[in-house]
Amino acid sequence: MLENVSGSARPARRGFLLGAAALGAGGMLSACTSNELPQSTSAGAAPAANASSTPGKHVTIGFAGPLADHGWLNAINVNATERAASYEDVTFETTEGSNDTAQQIGQVETLINKQVDVLIILPADGKALTQVGLRAMEAGIPVINLDRIFDSPQAYRTWIGGDNYGMGLNAGRYIGEQLKDKPEATVVELAGLDNLELTQQRTRGFDDALKNYPNIRKVARQAADFTVESGQAKMAQLLQAVPRFDAIWNHDDDQGIGAERAIAQAGRDEFFMVGGAGSLHAMEAIQADNTVLKATVLYPPTMAASAVDLARALGQGTGVSGLAEHEIPTSLALYSAVVSKENVADYIATGFV
Amino acid sequence: MTSDTASKTVRPPRPEGGDPGDRSRPRPSATPLAALTARLDLRIVTLLGVLAALAVVGVVTRPEQFFTTDNLVLILTQSSIIGVVTVGMTFVMIGGGIDLSVGAIVALATVWATTVATQQYGLFGVAFTAVVVALVCGLINGLLVSYGRMVPFIATLAMLASARGMALQISGGTTQVVDIPALLELGYRESYVLGIPPLVLIFGAVTAIGWLVLNRTTFGRRAFAVGGNPEAARLAGIRIERTRLALYLISGLCCGIAAFMLIVLTGSGQNTNGNLYELDAIAAAIIGGTLLSGGRGTIVGSVLGVLIFTTITNIFALNNLQTDVQQIARGIIIVAAVLIQRRTARGKA
């Protein structure tokens, strides 16, 4: 994983950075006679009380989220806002969602100027927003990097996000287990937006999992754009290109609505489909068990709610419930569980609209 | 450049000073065959040739799949929505304008139609809403351009931004799934008429009506005149504001029809619908021989342009080519088609 690569010297440097940042912030606070409380994020200073729902020190969390033009991204914003509203000691400052890099940089800078206690950023582009993440950290504001990862570990205090490689891996394993006894089985893949790195990671995971099943061959892959319209169009093409196959993995449940239409329009049902992300629509179809969709691999938008929990804990200088550590961990990757008919009842509450 | 201006002056859409209702074009010919060849634009023949060449590529690379009925029906179906939008775009471009808002209007119309009282008004409620919303957008575009005297590029760019924003607002960022059996059935095989999907029939009807309006009515003649030389058109007594307004209304209407077709196809409304339709429609129209500067263009050419694009996409998908390769090839094909067009136009002139 990217965030683990840069070696052991990093924690010390981060401690130094944070310390320096805290000093800087303190100086700034006294200079402009702000009434905000100084932060206490340095190691060991706070008692290791767990993050809980009992009100603690007041925390202002800044949230620079995505433009909600997609079911999952919308669920991210909803999850974050709702979780923040559930804490009476949290003030939530959100910016207008954006998928424009320049605009989002401006928004994060505004939040830095407002001197929020903690920042949650889901960058439109992790690489492009690294610099502004660094600026926030230097200004003494710990950054929670949500999902799309910054280029430098110095630009965030904690990363929490989904496991795209694991998503592909689990989709591949599920399909592999279903087809392991079928000689010369064929699968196809309806990928997401190809210019996103996460799509490549999902495909790599999928391919790696399939290597464990020599009887299965991936015969076609087309990339859609995460939209219903592209899902329909690309699925119709795939169905035309491959007259018979045994399984398909579709990276995204939103484009899956279109894919589902194309399958129904073509009148095909000789295969089963595994979706991705975990929309309510997909989970209901899995529960009803009356379409080709038999499972979906989660990429939980609840990570946004967890990011708020982490931000609050960071702001209050507390640890996380259930961990022996004094400090919030540097990174947290969510598990991409496979939801099928057997366990859909456990997960359907997390399905997003 | 020279070939463009040359061909424009050689083939004026309408003789100067002529009566707008003048029915002398196309010229009457001695025999039906001569009449046909006189009317057959060399550009159209070229486009048909390109399409035929693509078909050969399709057959050679995927002999078992390309020339099946299913695949040909798929190509037509996938052409139908962008095709309807392109017909509207052709009108606007012939009139010397441009409509960058078509994709956004389609998005707004689909989302609005699929959210209206969560679709309790059924198939016709959805269709009616889609068309009315898109017509209102077209009306605003037309008013801004004709009476507001705004540059079409700017006016429709503003519409693009605000319609996309409204689509996002109305949908709340979620995908609106349609649950109207009568509407969904239109996408299934049972609804095919003589083996042709209803969407393709709508596309055919829009093309035919578009062709008639453009080539067989006074209004069509005025559109060419306004696009070719607005000042001459004004001197000839054509009310150019009114004509321009009508052209944007036509484009809006086409977007509304396309929005309804998209709902039938995907069974849902999403604010990302119609993504980049403006570029696809403009590209198809240009490949079809429509001038960006106005005054020249044909519905048949535009429709062939759309078919060429869809066929290419189809061949790429059948051969499992990846997105990056597809995009590069699309760019190359646009340039090649325009270059060939220029050459044939010069040859004719």
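Please read all numbers here as calculations on a predicted model, not as lab measurements. Numbered from 1 within each chain, the chains take letters A, B, ... in sequence-line order. Excluded from the calculations below are hydrogen atoms, water molecules and symmetry mates; all remaining heavy atoms, backbone and side chain alike, are included.
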Original post:
Do A/Arg221 side-chain atoms and B/Gln322 backbone N/O form a donor-acceptor pair below 3.5 Å?
Top reply: no

Original post:
Counting distance only, does the side-chain N/O of B/Gln270 pair as donor-acceptor with the main-chain N or O of A/Val228 below 3.5 Å?
Top reply: yes

Minimum heavy-atom distance between [X] and [Y], given as atom pair plus value:
| X | Y | result |
| --- | --- | --- |
| A/Gln222 | B/Phe316 | NE2-O, 4.4 Å |
| A/Val219 | B/Asn320 | O-ND2, 3.7 Å |
| A/Gln237 | B/Leu74 | OE1-CD2, 3.6 Å |
| B/Ala317 | A/Ala241 | O-CB, 3.8 Å |
| A/Arg261 | B/Gly267 | NE-N, 3.5 Å |

From [X] atom [atom1] to [Y] atom [atom2], the distance as rounded to the nearest 0.5 Å:
| X | Y | atom1 | atom2 | answer |
| --- | --- | --- | --- | --- |
| B/Leu318 | A/Leu238 | CG | CG | 10.0 Å |
| B/Gln327 | A/Asn195 | CD | CG | 7.5 Å |
| A/His70 | B/Asn271 | NE2 | CG | 10.0 Å |
| A/Asn74 | B/Leu168 | CG | CG | 8.0 Å |
| A/Asp254 | B/Thr174 | CG | OG1 | 9.0 Å |

Is atom [atom1] of [X] surrounded by more than 12 heavy atoms (other residues, nucleotides or ligands) closer than 6.0 Å?
| X | atom1 | value |
| --- | --- | --- |
| A/Glu96 | CD | no |
| B/Asp70 | CG | yes |
| B/Tyr192 | OH | yes |
| B/Arg189 | CZ | yes |

Original post:
Using non-hydrogen atoms only, which part of A/Leu239 is less than 4.5 Å away from chain B: side chain, backbone, both, or neither?
Top reply: neither

Original post:
Hey, are A/Asp69 and B/Thr272 close enough side-chain-wise for a donor-acceptor pair under 3.5 Å?
Top reply: no

**OP:** Check the side chains of B/Asn314 and A/Gln240 for a donor-acceptor pair under 3.5 angstrom, ignoring hydrogens and angles.
**Re:** no

Subject >> Flag side-chain contact, heavy atom, 4.5 Å: B/Asn275 against A/Thr227 >> reply: no

**OP:** Check whether any side-chain heavy atom of B/Leu265 lies under 4.5 Å from a side-chain heavy atom of A/Glu229, and answer yes or no.
**Re:** no

**OP:** Under 4.5 Å, counting heavy-atom pairs only, tell me which of A/Ala264, A/Gly71, A/Gly267, A/Gly258 racks up the most with chain B.
**Re:** A/Ala264

**OP:** Counting only heavy atoms closer than 4.5 Å, note whether B/Leu184 contacts chain A via side chain, backbone, both or neither.
**Re:** both

**OP:** Answer with side chain, backbone, both or neither: which region of B/Thr313 has an atom nearer than 4.5 Å to a non-hydrogen atom of chain A?
**Re:** both

Original post:
Among B/Glu190, B/Gln78, B/Arg62, B/Arg164, who wins on heavy-atom pairs under 4.5 Å with chain A?
Top reply: B/Gln78

